[in-house]
Amino acid sequence: DAKTTQPPSMDCAEGRAANLPCNHSTISGNEYVYWYRQIHSQGPQYIIHGLKNNETNEMASLIITEDRKSSTLILPHATLRDTAVYYCIVRGHTGTASKLTFGTGTRLQVTL
Amino acid sequence: KAGVTQTPRYLIKTRGQQVTLSCSPISGHRSVSWYQQTPGQGLQFLFEYFSETQRNKGNFPGRFSGRQFSNSRSEMNVSTLELGDSALYLCASSLQDGFNYGYTFGSGTRLTVV
């Protein structure tokens, strides 16, 4: 699986959009970008994933650049409950690609 | 619907002992994966079971083993515990491969080895 690079920490004011970047310059054509987050003392939570088109769900939006070498997770209106470590993961969809390779993630702190 | 249930939540064991952790996946989920989380190494994949067969394995010593039952419930076992095995052990389940809807994680079992 391709390696990802994320900033170690970010701050965001409550109510503002949180934009979390991720670099995955070695991503291959059949690899997807997944985002998970882990709130303190809980297991990771799936947020969203995409291949090359922008994706949106009830939790967030995912913007993937045209060359697919980087992406941005957008939380449109961050709340205190969004304070967590956010992991960007690249994985293929082949039958044996069942594991998730977590990096160090970005610790997002949402403040009043 | 009920989430992924891991038992026990906390466990204290002595070096050299063995331990068994349990995971009940979401009803209908056939894939169960296990992860170890430590402050130094972060989240690391242990193994994955699908329909009672180990489908993928991480880079852990043979002291770490697991199994899955016909009802998809899974157990992992760690024998001859070492201090470094102290960690949060997380279980994740998915319908098949976690591709379209991701994996659902439990809250974990925190193991302390003394």
Side-chain angles (χ1 to χ4, degrees), chain A residues 1-9 22 28-53 55-62 71 73 84-107, chain B residues 3-7 9-10 21 23-26 29-51 53-60 66 68 74 87-110:
Chain A
D1 292 335
K3 181 178 171 58
T4 62
T5 304
Q6 300 177 251
S9 64
C22 178
S28 63
N30 63 350
E31 289 182 317
Y32 287 68
V33 180
Y34 282 77
W35 284 82
Y36 281 77
R37 72 180 182 183
Q38 187 173 25
I39 296 170
H40 184 60
S41 297
Q42 297 181 22
Q45 176 189 25
Y46 165 79
I47 301 173
I48 198 168
H49 77 280
L51 180 63
K52 54 184 178 181
N53 299 318
E55 302 287 346
T56 296
N57 63 19
E58 65 278 3
M59 289 184 68
S61 294
L62 174 60
S71 60
L73 177 75
V85 177
Y86 287 76
Y87 296 98
C88 169
I89 298 167
V90 171
R91 65 178 292 216
H93 273 196
T94 58
T96 57
S98 53
K99 70 176 183 178
L100 298 174
T101 301
F102 289 86
T104 53
T106 296
R107 185 173 298 276
Chain B
V4 177
T5 303
Q6 292 189 246
T7 56
R9 285 282 279 138
Y10 301 92
L21 311 181
C23 172
S24 293
I26 289 174
H29 283 192
R30 296 165 63 191
S31 165
V32 174
S33 302
W34 289 89
Y35 290 80
Q36 181 196 65
Q37 185 171 27
T38 60
Q41 298 298 317
L43 275 155
Q44 293 186 289
F45 173 78
L46 279 157
F47 30 65
E48 186 228 3
Y49 287 87
F50 182 82
S51 294
T53 301
Q54 188 179 87
R55 185 162 69 173
N56 205 346
K57 189 177 187 304
N59 189 25
F60 277 81
Q68 186 180 32
S74 177
L88 180 66
Y89 289 88
L90 292 156
C91 166
S93 77
S94 72
L95 273 170
Q96 185 158 350
D97 45 34
F99 290 157
N100 293 322
Y101 302 104
Y103 289 94
T104 302
F105 282 79
S107 295
T109 292
R110 185 164 295 281

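Lettering follows sequence order; numbering is per chain, from 1.
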Side chains of A/Tyr36 and B/Phe105 in contact at under 4.5 Å (non-hydrogen atoms):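 Yes. Closest side-chain heavy atoms under 4.5 Å.
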
CD-NZ distance between B/Gln44 and A/Lys99, expressed to the nearest 0.5 angstrom: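 Reported value, rounded in 0.5 Å steps: 10.0 Å.
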
Residue among B/Leu43, B/Leu88, B/Val4 with most heavy-atom pairs under 4.5 Å to chain A: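 Ranked by heavy-atom pairs under 4.5 Å with chain A, first place is B/Leu43.
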
For the student: nearest non-hydrogen atoms of B/Leu90 and A/Gly43, plus distance: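 Minimum heavy-atom separation between B/Leu90 and A/Gly43: CD2-CA, 3.7 Å.
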
Contact origin within A/Tyr87 toward chain B - heavy atom pairs under 4.5 Å: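 When you check distances to chain B, only side chain atoms of A/Tyr87 fall under 4.5 Å.
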
Polar side-chain atom of B/Tyr35 near backbone of A/Leu100 as donor-acceptor pair, under 3.5 Å: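 Judged by distance alone, yes, a pair lies under 3.5 Å.
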
Which atoms of B/Gln6 approach chain A - backbone, side chain, both or neither, heavy atom under 4.5 Å: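 The answer is neither part of B/Gln6.
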
NZ (B/Lys57) with more than 12 external heavy atoms under 6.0 Å: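 Counting other residues, nucleotides and ligands, NZ of B/Lys57 exceeds 12 neighbours.
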
Heavy-atom neighbours of A/Asn57 CG exceed 12 at 6.0 Å: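 Above 12, so yes.
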
